[in-house]
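First listed ligand is number 1; within each ligand, the first listed atom is number 1. This is a predicted model, so every value here is computed, not measured.
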Amino acid sequence: MNIILLGPPGAGKGTQAQILVEERGMIQLSTGDMLREAKDSGTEMGKIVADVMARGDLVTDEIVIGLIREKISGDSGSGFIFDGFPRTLAQADALADLMSETGQTLDAVVEMRVDDGALIKRITARSTCGGCGAVYNDLTKPWPADGKCANCGSTEVKRRADDNEDSLKQRLMEYYKKTSPLIGYYHAKGELKSIDGLGEIDEVKARIAGALDG
Ligand code: AMP
């Protein structure tokens, strides 16, 4: 089963994708993670995208489609979770082409709905583990009291450079202008399942399971 998690920054896509990876053996394809890796390892492409990402703008379709193209013919586990991709109609069309070229299908698009006030709170509170990438949140899933990641034991807490209020405003603007039209696009194709993304992690997980398995 190949799915897209669609929603604004901070909707919980990464958190829920990690759960689907652990519990269902799916493979998470996060273009944001791929771009951050390129930036951190200082590749040419990483240098090009660094400023764009820091501002909260979208990277070109060409770059992100290229990243997805590389991954889509590799190991698909029990299915791909597209997390943060597609973000434009051109990316959505490119994904449809790539899937049909590789003989795969897109089974569901799960829209995670969260209001803006909650997004700002969630994003300014979030962090990830420097060791394994596990997602934490000061409000909903704080770091263990002993300071060690529950997953890998690392003590390195990372906060994203673009998780600040200015960049977040721009990221939200980009979402409403360029990504939210995908809701109508996938609705028209009969692939959209919308769920309430507010609430405890386990509640949201159950709603996603209902959308995928129901
Ligand atoms: P994310 O981790 O998904 O919030 O993405 C972080 C940043 O990476 C975004 O604000 C964009 O600058 C860039 N980015 C990630 N995915 C895409 C995409 N599919 N299209 C364009 N830019 C992207």
Side-chain angles (χ1 to χ4, degrees), residues 2-18 20-21 27-72 80-99 106 109-112 114 116 118-130 132-137 158-183 185-186 197:
N2 300 305
I3 67 167
I4 294 174
L5 293 182
L6 184 63
K13 303 185 294 294
T15 301
Q16 294 297 331
Q18 281 186 354
L20 292 166
V21 168
I27 299 215
Q28 178 186 12
L29 296 183
S30 158
T31 41
D33 285 349
M34 295 174 207
L35 292 165
R36 274 184 292 280
E37 266 167 35
K39 200 181 67 165
D40 292 347
S41 55
T43 63
E44 270 317 299
M45 189 260 280
K47 286 179 201 153
I48 295 170
V49 299
D51 287 345
V52 180
M53 290 173 76
R55 279 199 305 272
D57 288 335
L58 290 189
V59 168
T60 63
D61 290 334
E62 199 189 347
I63 288 179
V64 288
I65 292 166
L67 289 170
I68 291 290
R69 183 181 289 118
E70 270 177 36
K71 304 274 177 180
I72 217 169
F80 290 121
I81 308 159
F82 297 99
D83 162 12
F85 179 91
R87 262 176 156 98
T88 64
L89 289 166
Q91 291 177 24
D93 282 337
L95 178 62
D97 291 346
L98 283 172
M99 297 297 272
L106 183 63
V109 179
V110 180
E111 182 209 356
M112 301 174 67
V114 178
D116 287 1
L119 294 175
I120 292 168
K121 260 198 223 147
R122 280 184 179 189
I123 284 196
T124 47
R126 79 177 170 184
S127 60
T128 53
C129 169
C132 68
V135 181
Y136 288 92
N137 187 292
K158 275 171 84 172
R159 295 205 187 254
R160 278 172 48 169
D162 59 350
D163 278 351
N164 61 73
E165 224 163 314
D166 279 347
S167 165
L168 178 59
K169 274 189 198 143
Q170 182 59 16
R171 282 154 68 203
L172 277 174
M173 192 55 84
E174 291 284 76
Y175 177 78
Y176 290 118
K177 272 199 313 207
K178 298 177 185 163
T179 309
S180 66
L182 298 184
I183 296 168
Y185 170 94
Y186 286 119

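The distance from ligand 1 to the heavy atoms of Gly84 drops below 4.0 Å at these ligand atoms: 16 (N), 17 (C), 18 (C), 19 (N). Interface of Arg36 with ligand 1, defined as ligand atoms under 4.0 Å from a residue heavy atom, comprises 2 (O), 6 (C). Counting the atoms of ligand 1 from 1 in the order shown, those under 4.0 Å from a heavy atom of Asp57 are 11 (C), 12 (O). Those atoms of ligand 1 with a heavy atom of Gln91 less than 4.0 angstrom away are 18 (C), 19 (N), 20 (N), 21 (C).
At a 4.0 Å heavy-atom cut-off, ligand 1 touches Leu35 through the side chain alone. If you look at Val64 next to ligand 1, the close heavy atoms, those under 4.0 Å, all belong to the side chain. Counting heavy atoms under 4.0 Å from ligand 1, residue Met53 touches it through both backbone and side chain.
Atom CD1 of Ile72 sits about 7.5 Å away from atom CG of Asn2, to the nearest 0.5 Å.
Residues Pro9 and Arg171 approach most closely at CB-NH2, 3.8 Å, considering heavy atoms. Nearest heavy-atom pair across Lys13 and Asp83 is CB-OD1, 3.6 Å.
Judged purely by atom type and a 3.5 angstrom limit, Gln91 uses its side chain to pair as donor or acceptor with the backbone of Arg87. No donor-acceptor pair under 3.5 Å is formed between the side chain of Thr88 and the backbone N or O of Lys178. For Gln170 (side chain) and Arg55 (main-chain N/O), no donor-acceptor pair under 3.5 Å exists by modelled atom type.
Here's the thing with Gly56: none of its N/O atoms is less than 3.5 angstrom from an N/O atom of ligand 1. At under 3.5 Å, not a single nitrogen or oxygen of Asp162, backbone or side chain, sits near a nitrogen or oxygen of ligand 1.
In this structure, Arg160 has a heavy atom closer than 4.0 Å to ligand 1.
Looking only at protein heavy atoms, the nearest one to atom 22 (N) of ligand 1 is Val59 N, 3.1 Å. In terms of protein heavy-atom proximity, atom 10 (O) of ligand 1 is nearest to Arg171 CG, 3.7 Å.
Between Lys47 and Glu44 a salt bridge is recorded (basic side-chain N to carboxylate O distance below 4.0 Å). A salt bridge is defined here as a Lys NZ or Arg NE, NH1 or NH2 lying under 4.0 Å from an Asp or Glu carboxylate O, and Asp97 with Arg69 fails to meet this definition.
Considering only non-hydrogen atoms, atom 5 (O) of ligand 1 lies nearest to Arg87 out of Arg87, Gln170, Lys178.
Between Asp116 and Tyr175, the side chains place no donor N or O within less than 3.5 Å of an acceptor N or O (distance only, hydrogens not considered).
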